Number of protein chains: 2
Amino acid sequence: MAILDTNTSEASISPGRDRILRVAAELFLTKGYAETSLRTIAEAVEMRPASIYHHFESKDALLTEILSIGMDAVTTAFDAVASELDHGEASERERLEAHVGGHLRALFANHAFTAAHVTVFPFVPADVRTAAVPQRDAYEAQWTDLLREIAPALDNARTDALRLTRLSLFGAMNSAVQWFDPSEGSVDELAANIVGTLWNGLGSIASGGTD
Amino acid sequence: MAILDTNTSEASISPGRDRILRVAAELFLTKGYAETSLRTIAEAVEMRPASIYHHFESKDALLTEILSIGMDAVTTAFDAVASELDHGEASERERLEAHVGGHLRALFANHAFTAAHVTVFPFVPADVRTAAVPQRDAYEAQWTDLLREIAPALDNARTDALRLTRLSLFGAMNSAVQWFDPSEGSVDELAANIVGTLWNGLGSIASGGTD
DNA sequence: TTGCCAGCCTAACGATCGTTCGGTAGTCTC
DNA sequence: GAGACTACCGAACGATCGTTAGGCTGGCAA
C-alpha cells in the first residue's frame, strides 16, 4: 500500500522528499509542531534548512501533508476491511474486531503519520486544522456508522452512549501507540483484547458478581 | 477546596498571580505551550511581559505549577471519594461510578489545569515533564489499584487487560472535557453513562445477540 | 516622616524562528 | 555542447521569542 505518494498524480517518488516527510512526522509526534524547528528537521535529514523549501512550500504545508497521509492510511485500512467483510457473513463482534485490527495495523505501519494526528492536532495552526478537519470528520463518521449498525440501541441522543463508546474505543486504540510494541506482541491479539474488553464489559468479571 | 494555593505554606493569595495561573492554563490548553508566548499571556491578564517574572521564575516554572495544580485537583478528588466510600458498603459498580464522578467533577471544576495535563503534557520541555511524572504516576496507580480490586480477573500480565481498561476509561473521561457542557447536563449522569457503557459492554446490546 | 517592599513598568538584550535570495553542482534533452 | 531542470547550498532577512536590568509608585511598618 503506497501511503507516501498522496495527491501526487504520477508516481514521482523523491527520496529526499519522502525522507523529510517521515523524519518530520516523527519529530512532530515526539516533540510537537511548534517545538520542532525546520533547522532540527534539516539536521535530522542531513540537509540545510533552505533545501526543505525546494520540496515544501512552508512548514505548515509540510504538516498539512503529514496529517493527510495519516488520515489516508486509516481510511484506506477501514475501506479495505469493509470490502473484505462484504463477502462473508461475519458476526457483529467479528466485524468490530476486524476494523479495530485494521485501524491498529495502519496505526503501527504508518506510526508517526497517524499518531501525529492524535497528539499534535489540537495545537496545529488554524489554517492547517481547518484543512484537515473534513478528512477527520469523514473517518469519524465511518466508525459512528459502524457502531450504530452493530448496536443500534447506542444511538440515543439523550445519553450520548454512541459517542462515548466511540471515544472509549478510539482512546484505547490510539493510546496503544504509546505503549504497545508490535515486535513483541501480535496486533491481532491486541485487537481481540480491546474488543473483548469493550464487548463483555467490566460487569461480567467484577469480583462482586454482575450487579 | 482551595486548589490554587499549592505549595504556598501561607495563605498568601495574590490576585495577580492567580489570574496569571488561570489565564495561562487556559491558553496552554487551547493553543499549546510553545504556541503561547509570554506576551500573549501578559496581554490577556492586562500586564506587561516583564511583570510575570515578578510572580514566576520562568515560563517553565509557570507551566510546572499549572500541571501540579491539575494533578492535585484530581488526586484530592480521588482521596475524598475513597474516604467517603469507607463508611458505607458500596458495590463494585457504585465505587467505580463514585470515582468516575469525582474525577469528572475535578476535571470540570479546574478545567484548564487538569485538561492541560491531557493535551499539553507530551510536548512540555523535558525538565518540566520529569518534574510532573511522579505525581502523574501516583494518580495512575490509584486507578490501577481500584480497577484491580473491582475486577481482579483483569490483572493478567499476558493480555494487558487491566491497562487497556484503565486507558479506555481515561480516554472516555478526559475526552469528555472537549465536548461535554456541564451547564447543560449533569456530571453525575455523565459518570453513570460512562460506567454503564464500560460495565455492561457492547455485547449486551448488540443487534445480533450476545455472540 | 522615613524606609521598605510588593507590584508593575519601560526598554532592551541575545537567541532563535520561518523564510527568501542568489547561487552551484549534476543530469538529462536536443 | 548549449540549455533546462532538479536538488541542494550559504548567507542573510525581519519577526518574535524568553528573559533581564533598572526604575517608578503606592501602601504598610517603625
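All chains are named by letter (A, B, ...) in the order of the sequence lines, taking the proteins before the strands, and each is independently numbered beginning at 1. Source: prediction; values computed, not measured.
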(message) On DNA chain D, does the nearest nucleotide to R48(A) precede the nearest nucleotide to Y33(B) from the 5' side, or the other way round? Give the residue.
(response)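 Comparing both residues, the 5'-ward one is R48(A).
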Round to the nearest Å and state the distance from [X] atom [atom1] to [N] atom [atom2].
X	N	atom1	atom2	result
L62(A)	dT19(C)	CG	P	10 Å
M47(B)	dA6(C)	CE	C1'	12 Å
K59(A)	dT16(C)	NZ	C1'	12 Å
R19(A)	dC8(D)	CZ	C1'	15 Å
I52(A)	dG18(C)	CD1	C1'	11 Å
I41(B)	dT16(D)	CD1	P	17 Å
R39(A)	dG10(D)	CZ	P	13 Å
I20(B)	dA6(C)	CD1	C1'	13 Å

(message) Contact between Q135(A) and L67(A) at the side-chain level, heavy atoms closer than 4.5 Å - yes or no?
(response)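 Q135(A) does not reach L67(A) side chain to side chain.
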(request) Keeping the roles fixed (side chain from R48(A), backbone from A42(A)), state whether a donor-acceptor pair exists under 3.5 Å. (result)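 Pair absent, no side-chain N/O of R48(A) close to backbone of A42(A).
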(message) Tell me whether T64(A) contacts the main-chain N or O of D60(A) through its side chain, where contact means a donor paired with an acceptor under 3.5 Å.
(response)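 Flag set: sc T64(A) to bb D60(A) pair under 3.5 Å.
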(message) Does the plane of the ring in W143(B) sit parallel, tilted or perpendicular to the ring in F170(B)? Use 30° and 60° as the thresholds.
(response)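 Geometry flag for F170(B) against W143(B): perpendicular rings.
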Show the distances under 3.5 angstrom between N or O atoms of the protein and N or O atoms of nucleotides 22-29 of chain D.
none

(message) Can you confirm whether E43(B) is buried at CD, in the sense that more than 12 heavy atoms of other residues, nucleotides or ligands lie under 6.0 Å from that atom?
(response)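 Open: at most 12 neighbouring heavy atoms sit under 6.0 Å from CD of E43(B).
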(request) Could I get the full list of side-chain contact (heavy atoms from CB on, under 4.5 Å) partners for R136(A), not counting sequence neighbours? (result)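 Applying side-chain contact (heavy atoms from CB on, under 4.5 Å) to R136(A) gives M71(A), H117(A), F121(A).
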(message) I'd like to know whether the aromatic ring centres of H99(A) and F78(A) sit less than 6.0 Å apart in this structure.
(response)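 Between H99(A) and F78(A), the centre distance is under 6.0 Å.
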Indicate whether OP1 or OP2 belonging to [N] is found under 4.0 Å from a side-chain N or O atom of [X].
X	N	result
S51(A)	dA7(D)	no
S37(A)	dC17(C)	yes
H55(A)	dC8(D)	yes
H54(A)	dA7(D)	yes

(message) Mind checking if T36(A) touches a base, just sugar-phosphate, or nothing, with heavy atoms under 4.0 Å?
(response)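 Sugar-phosphate contact only - T36(A) comes under 4.0 Å of backbone atoms but never of a base.
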(request) Consider the side chain of L38(B), meaning its heavy atoms from C-beta on, and name the nucleotide among dT19(D), dG10(D), dT19(C) that approaches it most closely. (result)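 Minimum distance to the L38(B) side chain belongs to dT19(D).
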